[in-house]
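Quick note: residue numbers are just sequence positions, from 1. What you see is a predicted model, and the numbers here were worked out from it, not measured in a lab.
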Amino acid sequence: MLEITALCGIDQADTGLLASSMVLRDSRCATIWVDPSTAFLGRMSALISDGVGWQDSLEIDAQDCLTCSYLNALRVCIERVVRLGRHDLLALRLAPSVEADAVLESLCATLDPEHARLDTVVGVLKAGAWLDDLSGGDILGERGIGVQAEDDRPVATIIAAQVSSCDLLVLTEGSCSEDELAALSALAPGTPLLLGADLLALPMLTLARTGRHQPRCLGAFERDGLLDWSADVPRAGSSLQVVRWKSERPLHAARLSDALEALADRVIRSAGRIVIASTSDRWTRWDSAGESLSLGDLGPRDGDTAISRLTFLGRELDVHSIRGLLDSCVLTDEEYNAGPSAWHDYEDPFAVDISESDIDETEGN
């Protein structure tokens, strides 16, 4: 059985250092690196190596879909390691530009459980920097970590995906602030933290063969927010705050669209699921990180329950303002009593995109 430890982080040097440490300390460990930036050439480059000098370079045909190409390249490399039979541990370095949760969920769904399994996901964050990245509006291309120079995806979404998908979080370069610790407590409750870590000296027992990983899925949005954020009041000394909101009535899409900018004020991360009146037979996913907010279709809504639930994490949030804004978006008595046949005719700025894509509305702060 090939046990896989996935290493993710926006600093390629950090995950590379951690992978090197693992292969040098375990002769049965190999590492894989797939470079998505080569896809524009029609081929995706990959390298498999270990700590005893063996390596294998591959060129894998790229598809029109970059994510599909990347996943296919990972699968090809993993199958190559399994067939060789030389290794029983794999340090899989994820590219900084990929969203870890989505990639790993898809990868898990296609692994042959008799030969390989995802055992541990390790995230590497830079203390003093990662929370600013999660809060800000930087884009991948400008930071030089995108698939290409024009990559305009937010860094915040990559950080958010990393934090939510990891079984172990390693924080390097100094001590964490109270806000950072509070954010991790809210966003990744129960996830072990290694603070001020030396990447070359992390115990192998914490990095590999832990049996910790449990695949995440969109079902995580079914409760009070992303991964059921646990703390209403983060740590003492922190400026962070968690605000929860719920409603048993659908929301009017046009009023919600008008409220988005105000709802983003001071919010670092928000998530949950809502029911929009004009598409009241379906769930809508709400997911924001930094200055990026997306709404996406979560599929048919079963049963009569239409409870919308959202959770917000941010600095010194105005609880009454957030709840008041959202309450103003809920259908009024007159609108609610008109029934679904009337709701479906309401103005809906999100409707066209929701029918065509998983990511439907992007707004800036």
Side-chain angles (χ1 to χ4, degrees), residues 5-26 31 91-94 96 99-101 104 118-136 138 143 145 155-214 216 226-242 268-269 289-290 313-316:
T5 293
L7 308 175
C8 54
I10 63 170
D11 191 322
Q12 184 176 323
D14 283 347
T15 55
L17 192 62
L18 191 51
S20 297
S21 171
M22 291 178 66
V23 297
L24 288 173
R25 287 186 285 168
D26 190 326
T31 183
L92 175 60
R93 294 172 56 204
L94 295 182
E99 295 183 30
D101 53 355
L104 293 174
L118 182 59
D119 178 82
T120 310
V121 181
V122 180
V124 183
L125 303 171
K126 287 193 180 298
W130 76 272
L131 188 56
D132 289 338
D133 286 335
L134 180 60
S135 309
D138 287 0
R143 290 278 292 271
I145 55 176
V155 173
T157 61
I158 302 297
I159 296 289
Q162 176 181 345
V163 171
S164 69
S165 61
C166 289
D167 308 300
L168 171 69
L169 289 168
V170 178
L171 288 103
T172 66
E173 297 192 359
S175 59
C176 286
S177 68
E178 288 298 327
D179 277 359
E180 288 179 275
L181 294 174
L184 291 173
S185 174
L187 297 172
T191 301
L193 306 177
L194 293 179
L195 307 179
D198 178 352
L199 294 177
L200 291 175
L202 296 180
M204 286 293 285
L205 289 175
T206 67
L207 298 174
R209 303 184 180 94
T210 67
R212 283 200 196 106
H213 188 67
Q214 297 295 324
R216 274 75 165 178
L226 183 64
L227 297 182
D228 193 19
W229 295 348
S230 62
D232 285 325
V233 182
R235 301 163 57 103
S238 166
S239 65
L240 298 190
Q241 190 172 6
V242 171
I268 294 172
R269 190 86 168 89
L313 174 72
R315 292 186 171 93
E316 300 178 347

4.5 Å side-chain heavy-atom contact, L168 and L207: yes
Working for side chain to side chain contact (heavy atoms under 4.5 Å, CB included), residues I268 and L131: CA-CA 9 Å; I268 294 172; L131 188 56; 4.2 Å; yes
For a side chain to side chain contact (heavy atoms under 4.5 Å, CB included) check, start with the C-alpha distance between L171 and L184, then their side-chain angles and the critical distance, and finish with the verdict. CA-CA 11 Å; L171 288 103; L184 291 173; 3.9 Å; yes
Verdict with reasoning, L17 to L200, per side chain to side chain contact (heavy atoms under 4.5 Å, CB included): CA-CA 7 Å; L17 192 62; L200 291 175; 3.6 Å; yes
Taking the basic N atoms (NZ, or NE/NH1/NH2) and the acidic carboxylate oxygens, is any pair closer than 4.0 Å for R93 and D14? no
Mind listing the closest non-hydrogen atom pair of A161 and D101 along with its distance? CB-OD1, 3.2 Å
Does any N or O in the side chain of R212 come within less than 3.5 Å of the main-chain N or O of T206, such that one atom is a donor and the other an acceptor? yes
Value rounded to 0.5 Å, distance of CG in L187 from CZ in R269: 7.0 Å
How close do S175 and A127 get, counting heavy atoms only, and between which atoms? O-CB, 3.8 Å
Taking every non-hydrogen atom, the tightest pair across A100 and S165: CB-OG, 3.5 Å
Is any side-chain heavy atom of T120 closer than 4.5 Å to one of R209? no
Measure the CD-CZ distance between Q241 and R315 for me, rounded to the nearest 0.5 Å. 13.0 Å
Please determine if D11 and K126 form a salt bridge, counting it only when a charged side-chain N lies under 4.0 Å from a carboxylate O. yes
Within the 4.5 Å heavy-atom criterion, are I159 and T157 side-chain neighbours or not? no
From L92 atom CG to L104 atom CG, the distance as rounded to the nearest 0.5 Å: 7.5 Å
If we ignore hydrogens and angles and just use 3.5 Å, is the side chain of S20 paired with the main-chain N or O of G16 as donor and acceptor? yes
Hey, what do you get for OG1 (T31) to CG (L7), rounding to the nearest 0.5 Å? 7.0 Å
Using side-chain heavy atoms (C-beta onward) and a distance below 4.5 Å, is V170 in contact with V122? yes
Give, for atom CG of L194 and atom CG of L199, the distance between the pair rounded to the nearest 0.5 Å. 10.0 Å
Mark yes or no for whether Q162, through its side chain, and P96, through its backbone, hold a donor-acceptor pair below 3.5 Å. no
Are L125 and T172 close enough, and set up right, to give a side chain to side chain contact (heavy atoms under 4.5 Å, CB included), and what steps lead you there? CA-CA 6 Å; L125 303 171; T172 66; over 6 Å; no
Nearest 0.5 Å, what's the CG-CD1 distance between L94 and I10? 14.0 Å
E180: what forms a side chain to side chain donor-acceptor pair (under 3.5 Å) with it, not counting sequence neighbours? W130, S177
Indicate whether the side chain of D179 and that of S239 have a donor and an acceptor atom separated by less than 3.5 Å. yes
Checking side chain to side chain donor-acceptor pair (under 3.5 Å) for the pair D119/H213: CA distance, chi angles, key distance, verdict? CA-CA 5 Å; D119 178 82; H213 188 67; over 6 Å; no
Non-hydrogen atoms of L240 and S238 that approach each other most closely: N-OG, 2.9 Å
So, for A201 and R25, which heavy atoms are closest and what is the spacing to 0.1 Å? C-NH1, 4.4 Å
Over all atoms of both residues, closest heavy-atom pair of T15 and C8: CG2-C, 3.7 Å
